[in-house]
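Have a look at the structure below before the remarks.
Numbering of ligands and ligand atoms starts at 1, following listing order. Note that these values count all heavy atoms, side chains included, but never hydrogens, waters or copies made by symmetry. Here the structure is a predicted model, which is why all the values come from computation and not from measurement.
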Amino acid sequence: MKQMPENFLWGGAVAAHQIEGGWNEDGKGISTADVMTAGSNGVAREITDGILSEKYYPNHEAIDFYHRYKEDIQLFKELGLKAFRTSINWTRIFPNGNDEEANEAGLQFYDDLFDELLANDIEPVITLSHFEIPYNLYKEFGGFRSKEVIDCFVKYAEVVMNRYKNKVKYWMTFNEINNQADGQHELHTWTNSAILFEEGENREEIIYQAGLNELIASAKVVKLGHQINPEFQIGCMMAYVPVYPYSSNPDDQMAALKVMQRRYFYSDVHAKGEIPNYVLNEWADKGYEIDYSDEELKALKGGTVDYIGFSYYMSGTVTTLQDKGGYEIPDYKNSKWLSNPFVKASDWGWQIDPVGLRYILNVIHERYDLPLFIVENGFGAYDKVEADGSINDQYRIDYLKAHIEQLKAAVLEDGVNLLGYTPWGIIDIVSFGTGEMEKRYGMIYVDKDNQGNGTLKRSKKKSFAWYQQVINSNGEEL
Ligand code: BG6
């Protein structure tokens, strides 16, 4: 019987701002995540002008991993994690983003964290920018609108890649860089690029510029990283939400293709090192004046990624049929986004589609022929703590099991080269989208509620023992 590769990285994933807390300790500066208040299911988080004393900012304390990481890593070890994905919070290293000198206390924190992981045989998988851009770079330069921020990012990456060159092998540059693709959602343009818009600005054009600036920064970092340590594996990080044609109407097929191109633009540049024609033509047709030099085009070519890291949570559907409802999207004539009637959704409306994972693994494998790494996948749900303290999260086990079955089919039947699987929020953390604590993904429960009350005590959910067995059996026992 075919088996998963011996060195397959079964792991867990988080991001610094959602887990660490210690938001103003040891010289850390304010990041984009630090000015985001708590929203709730269906209610957007507010992005405030600096820190306002009357507001609640859930990332300021998060789950206090900053002080508790040693105990948490013991739980990860017990769980059997082979890899732990987190990010370096840029503002611990360069509090303002453009400081002359790096902050030694911040560098030391990640030295200690990586040492602790390695001492417990857990491979760190590190994202350089996971929604933690220094707030000052927004104030001074308007975020990634500006070319200045490219240099700030490259300098930051050079410092940390040098410092951790013997501790970290797997890197990713910008988390879910394509979230911002249509430029319409403030949460995404803020967290991806530290960009807020003025009335009347052309959002799409600005985001194309910011996205390209990030792609250039990423390519420069990939090249530099390989010079620092040729063993480095440096990937991109994409949000893949496969969008299916709703019907067999050829226009629906084209609509799905166009919607996906907008999202693939980012991985196309990351992986192929050039701006695809479909985007160059769109810029020309719309009269967009995107600024890039020959030297930058060369940098793109010289810094293609080693692997494609991506998140997968759900799929979507698009149609040009006018009697199906849905909301309009700009990618193809008269096209609308609508729910897929064939799959169910979570309490937050995220459509659950395990087959979509196998589908996208195949599509991306064919498109780039690069190793792939599923660095996020999971089920955000309300958990109930029983009187005896147990948490019976069978729904989470069902979700993960169904997705692992599909990833195994992609590897063992379809021949996809997959490096690993790090499900999201292995320990409960602050939700990125809503700022809630009660949208939980973890196999380890954290006693804290949406208002910030709780002891922060950790306890194991039913899914803990289940995932332990999955890892122990290298994915055989689901
Ligand atoms: C991804 C992000 O979008 O999805 C994570 O990379 C995020 O930071 C995760 O937490 C789940 O989203 P949410 O909104 O449920 O926390």
Please compare Glu376, His188, His17, Arg45 and report which has the shortest non-hydrogen distance to atom 4 (O) of ligand 1. Glu376

Quiz item: cation-pi between Arg145 and Tyr138, 6.0 Å / 45°: no

Heavy-atom contact under 4.0 Å between His130 and ligand 1? yes

So is Tyr441 close enough to ligand 1, meaning a heavy atom under 4.0 angstrom away? yes

Kindly give the heavy-atom pair with the smallest separation between Ala271 and Leu370, and that separation in Å. CB-CD1, 3.9 Å

If you take the centroid of each ring, where Trp contributes its six-membered ring, are Phe153 and Phe174 closer together than 6.0 Å? yes

Looking at Lys461 and Asp383, does any basic side-chain N land under 4.0 Å from a carboxylate oxygen? yes

Give the residue and atom name of whichever protein heavy atom lies nearest to atom 9 (C) of ligand 1, and the separation in Å to one decimal. Tyr313 OH, 3.3 Å

Would you mind telling me if ligand 1 is within reach of the side chain of Phe131, the backbone, both or neither, using heavy atoms under 4.0 Å? side chain

Is there a polar contact between ligand 1 and Glu176, counting only N or O atoms under 3.5 Å apart? yes

What atoms in ligand 1 come closer than 4.0 Å to a heavy atom of Gln18? 5 (C), 7 (C), 8 (O), 10 (O)

Would one find an N or O of Met237, backbone or side chain, under 3.5 Å from an N or O of ligand 1? no

For Ile429, which part has a heavy atom under 4.0 Å from ligand 1: side chain, backbone, both, or neither? neither

Can you tell me which residue and heavy atom of the protein come closest to atom 12 (O) of ligand 1, and the distance to 0.1 Å? Trp350 CH2, 3.3 Å

Pair Glu204 + Arg262: basic N to acidic O under 4.0 Å: yes

What are the atoms of ligand 1, with element, lying closer than 4.0 Å to any heavy atom of Ser431? 13 (P), 14 (O), 15 (O), 16 (O)

Among all protein non-hydrogen atoms, which one is nearest to atom 16 (O) of ligand 1, and what is the separation to 0.1 Å? Phe432 N, 2.8 Å

Per-atom contacts of ligand 1 with Gly433, taking only distances under 4.0 Å to non-hydrogen atoms: 13 (P), 14 (O), 16 (O)

Answer yes or no for Arg92 and Phe109: cation-pi contact, defined as NZ/CZ to six-membered ring centre under 6.0 Å and angle to ring axis within 45°. yes

I want to check a possible cation-pi pair here: Lys439 against Trp350, using under 6.0 Å from ring centre and within 45° of the ring axis as the test. yes

Are the charged groups of Lys460 and Glu78 less than 4.0 angstrom apart, N to O? yes

Result for side-chain hydrogen bond (donor to acceptor under 3.5 Å, both in side chains) between Arg45 and one of Thr191, Thr37, Asn59 points to Asn59

Atom indices of ligand 1, in the order listed, that fall short of 4.0 Å to a heavy atom of Lys439: 13 (P), 14 (O), 15 (O)

